[in-house]
2 protein chains.
Amino acid sequence: MQEIRLTPTSYIVLGLLELAGESTPYGLKQLVAGSVGYFWTLQHAQLYTEPERLATAGYVKETREEGGRRRRLYAITAEGRRALDDWRTGTTTELAELREPALLKLFFGADPKALAAAQIPANRARLAEYEQIRDSMPDDVPPGPRQALEMGIRFERAAIAFWEELAG
Amino acid sequence: MQEIRLTPTSYIVLGLLELAGESTPYGLKQLVAGSVGYFWTLQHAQLYTEPERLATAGYVKETREEGGRRRRLYAITAEGRRALDDWRTGTTTELAELREPALLKLFFGADPKALAAAQIPANRARLAEYEQIRDSMPDDVPPGPRQALEMGIRFERAAIAFWEELAG
DNA sequence: CCTATCATGTAATCCGTTACATGATTAT
DNA sequence: ATAATCATGTAACGGATTACATGATAGG
């Protein structure tokens, strides 16, 4: 049983396994794409390596399908739940970093209008996507994802307003 | 002359060297801390290794102090300026990722009130800091940093409003 | 003087990205 | 059948973080 450090990626995998139950890496990929991936992207390769990493420390258990493709299936263990809970319970004063490429360019003197011309449609499209997700969300979705989505919507609105003002 | 890939870190170093002229790694660290570091943090070690990396590809030139400590000094080269300009000119449709630890916890079911209790003061403090910087900014500061700061202020306001409603 | 803190670096580790590769399904 | 796409992985590389270390300066 190895000691490993738990990263945000680890908690995403643990959290999704808790929400969705036993899953394959590809299943996790689908889950990420439709939810947390909007504000925290992961490479698909990580969804193969991270569960394996978590397994070496006992946070998840790997099984394989018997017949056919013998795909890997991962399930969260009791220890995994405990780690996830500890993380969720601990408070953070850590602040978000606005690591936005466009903002960095703006900072270093890029033409605001040119940036805005690209950012406005991209942000509008993203906002529309969020609103569509919100309006078609099944009733059984827990509050966490709803609230995170709400933050996403607000952020997009703020970004659009900002770039529109810059564009004049 | 090696080929290297230019990362956001690279552009931060190049951009700061353009703004401030020849600098030591420690000088860069100070510059980052007071400006771009608010929305894009760097480890101090990177301000030693990244200029060295950039030097191998000719984007910056390294010299050393003659006497005393023989500290390393870095200056942007013509090629560095060109690379910086190309980057600044190219538009991005890439969107920001809201990689906020607190938001991730919220997504996965953490108690909103507990999170808010930690986030609100932290965000308020950050906002106050931003406003203080804005209000004491010398007149010769270029528009880029001003505009980026403005975005930071808006983001903080949105975050505060969001967490306050959750705490409500 | 002594000790914090500031300043300057190096080395090792490791996570995340990128690239490569191939098996299974579905559509034409 | 064949091509395209979906699904499932592995391997290499490299940038970022972390840890270690030491020299200079200032404060008490």
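What you are looking at is a predicted structure, and each value in this text was computed from that prediction instead of being measured.
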Q. How long is the line joining OH of B/Tyr11 and C1' of D/dG15, in whole Å?
A. 15 Å
Q. How many Å lie between CG on B/Leu42 and C1' on D/dT17, as a whole number?
A. 12 Å
(Q) Test of understanding: with salt bridge (Lys or Arg N to Asp or Glu O under 4.0 Å), list the residues that count as partners of A/Glu50, not counting sequence neighbours. (A) A/Arg53
Q) For the pair made of CH2 in A/Trp40 and C1' in C/dC15, what is the distance, rounded to whole Å? A) 13 Å
Q: Using whole Å, report how far CD of B/Glu97 lies from P of C/dG16.
A: 12 Å
Q) When the ring centroid of A/Phe108 is compared with that of B/Tyr11, is the distance short of 6.0 Å? A) no
Q) For A/Glu50 and C/dG16, what is the distance between atoms CD and C1' respectively, to the nearest whole Å? A) 10 Å
Q: Between A/Gly27 and B/Gln43, just flag the one whose closest nucleotide in DNA chain D comes earlier from the 5' side.
A: A/Gly27
Name every donor-acceptor pair, under 3.5 Å, that has one atom in a side chain of residues 152-160 of chain A and the other anywhere in the protein, sequence neighbours excluded.
| from | atom 1 | to | atom 2 | distance (Å) |
| --- | --- | --- | --- | --- |
| A/Arg154 | NE | A/Glu150 | OE2 | 2.9 |
| A/Arg154 | NH1 | B/Glu165 | OE2 | 3.3 |
| A/Arg154 | NH2 | B/Glu165 | OE1 | 2.8 |
| A/Arg154 | NH2 | B/Glu165 | OE2 | 3.3 |
| A/Arg157 | NH2 | A/Glu131 | OE2 | 3.0 |

Q | Integer-rounded Å distance: D/dC6 P and A/Leu47 CG | A | 17 Å
Q. Could you give all pairs that pass the side chain to side chain donor-acceptor pair (under 3.5 Å) test and reach residues 99-118 of chain B, with sequence neighbours left out?
A. A/Thr92-B/Lys105, B/Glu97-B/Arg99
**Q.** Which residue lies more 5' along DNA chain C, comparing B/Arg99 with B/Gln30 via nearest heavy atoms
**A.** B/Gln30
**Q.** Results of salt bridge (Lys or Arg N to Asp or Glu O under 4.0 Å) for A/Arg88 - residues two or more places apart only
**A.** A/Glu18, A/Asp85
Q. With respect to the phosphate group of D/dA16, does any side-chain polar atom (N or O) of B/Gln46 fall under 4.0 Å of OP1 or OP2?
A. yes
Pairs under 3.5 Å (N/O, protein and nucleotides 9-14 of chain C):
| from | atom 1 | to | atom 2 | distance (Å) |
| --- | --- | --- | --- | --- |
| C/dG9 | OP1 | B/Arg72 | NH1 | 3.3 |
| C/dG9 | N7 | B/His44 | NE2 | 3.4 |
| C/dG9 | O6 | B/His44 | NE2 | 3.2 |

Q. Which ILVMFWY residues can you reach from A/Leu73 by hopping between side chains whose heavy atoms are under 4.5 Å apart?
A. none
